[in-house]
Amino acid sequence: MTEIRVQSLCKTYGDHVVLHNLSFTAGVGVTRILGRSGAGKTTLLRILLGLDQPDSGSLFGTNCRWAAVFQEDRLLGHLDAEDNLRFALGSAYNAAAAKTLLGELGLADVGSKPICEYSGGMKRRLALARALLAPSDALILDEPFTGLDEENRSIALRCILHAAQTKPVLLASHEALDLPNCKEVRL
C-alpha cells in the first residue's frame, strides 16, 4: 500500500509564497486538495510528481508510479480515442479494459473520430480514462471535472472512487463534491 507524506513543504515564486509549511498524509482513498484559484493546488501536485522542486520540506512515498490528469488534457488531436490510449499506455494498453472504461465514461460510440472533433467534456473524459487505465500506485487529478455536466461529473466521480479503493488519489478541485470518507487538505 502506498502512502504519500508531505512534511513542512514550502514553495515561493519570487516574493510570492505559494505553499507555507504544508504537512499531510494521503493513503488509499481520495484526498481532496482545496483552495481558491492561485492557492497552490497545481504547484503542490507538480511537486509531488517531481516536475517542480520545493524550496524546503520533505516528501515520502512520492517515488512511486504516478498517473495524472493535468489541467490541460494533453491529447493527440489527430488520433482517435483508442489510438490516444494506445500511444500513451504503450505495452500496458488493454483493449478490453479500455473499451469498458470508455463505455462507462460515455465515449463508446465515438468510433474513429479524431480528438480534435471532440467537445471539451469528451476530451476531459478521455484524459481521465488515460490516467485510470495507466498502471500506477497513485493518481493525481488536477481539476478533473472541468467541462463536465452534472451527469458526466457523477459518472467520472464513480470511476475515480473505484480507483481510490486500491490507491491514493489526490484530487484538486474548487467544485463542491460529494466525496464519502474523503480527507481534505486546505491551502
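In this text the structure is predicted, and so the values were computed from the model without any measurement.
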Go through the steps to decide whether Glu3 and Phe60 satisfy the test side-chain contact (heavy atoms from CB on, under 4.5 Å), and finish with yes or no.
CA-CA 8 Å; Glu3 181 177 85; Phe60 304 94; over 6 Å; no
Do Leu161 and Leu179 touch side chain to side chain, with heavy atoms closer than 4.5 Å?
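Touching, per the 4.5 Å side-chain cut-off.
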Residue pair Leu44 / Val18, side-chain heavy-atom distance below 4.5 Å
no
Could you go step by step and tell me if Val28 and Gln165 meet the side-chain contact (heavy atoms from CB on, under 4.5 Å) rule?
CA-CA 7 Å; Val28 171; Gln165 292 175 0; 5.8 Å; no
Look at the side-chain heavy atoms of Ile, Leu, Val, Met, Phe, Trp and Tyr, link any pair under 4.5 Å apart, and say whether [X] and [Y] land in one connected group.
X	Y	value
Leu139	Leu49	no
Val185	Ile160	no
Leu51	Leu187	yes
Leu157	Val69	yes
Leu141	Trp66	no

Compare every heavy atom of [Y] with every heavy atom of [X], then report the nearest pair and how far apart it is.
X	Y	answer
Leu102	Ala81	CD1-CB, 4.4 Å
Gly61	Cys64	O-SG, 3.6 Å
Ser112	Asp80	CA-OD2, 3.6 Å
Leu132	Cys159	CD1-CB, 3.8 Å
Leu34	Ser173	CD2-O, 3.8 Å
Pro114	Gly77	CB-O, 3.6 Å

When you look at [atom1] of [X], are more than 12 heavy atoms from neighbouring residues, nucleotides or ligands closer to it than 6.0 Å?
X	atom1	answer
Glu150	CD	no
Asn63	CG	no
Tyr13	OH	yes

Would you confirm whether [X], through its side chain, and [Y], through its main-chain N or O, come within 3.5 Å as a donor-acceptor pair?
X	Y	value
Asp137	Arg65	yes
Ser23	Ser8	yes
Lys41	Leu171	no
Arg130	Ala67	no
Asp55	Thr12	yes
Arg125	Ile155	no
Lys99	Ala108	no

Could you state the interatomic distance from [atom1] ([X]) to [atom2] ([Y]), rounded to the nearest 0.5 Å?
X	Y	atom1	atom2	result
Lys183	Leu170	NZ	CG	9.5 Å
Thr42	Asp142	OG1	CG	3.5 Å
Leu19	Ile47	CG	CD1	5.5 Å
Gln71	Leu45	CD	CG	9.0 Å
Lys113	Leu107	NZ	CG	10.0 Å
Arg5	Thr62	CZ	OG1	11.0 Å

Of Thr43, Ile33, Ile4, Leu9, which meets side chain to side chain contact (heavy atoms under 4.5 Å, CB included) against Leu48?
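The passing option is Ile4.
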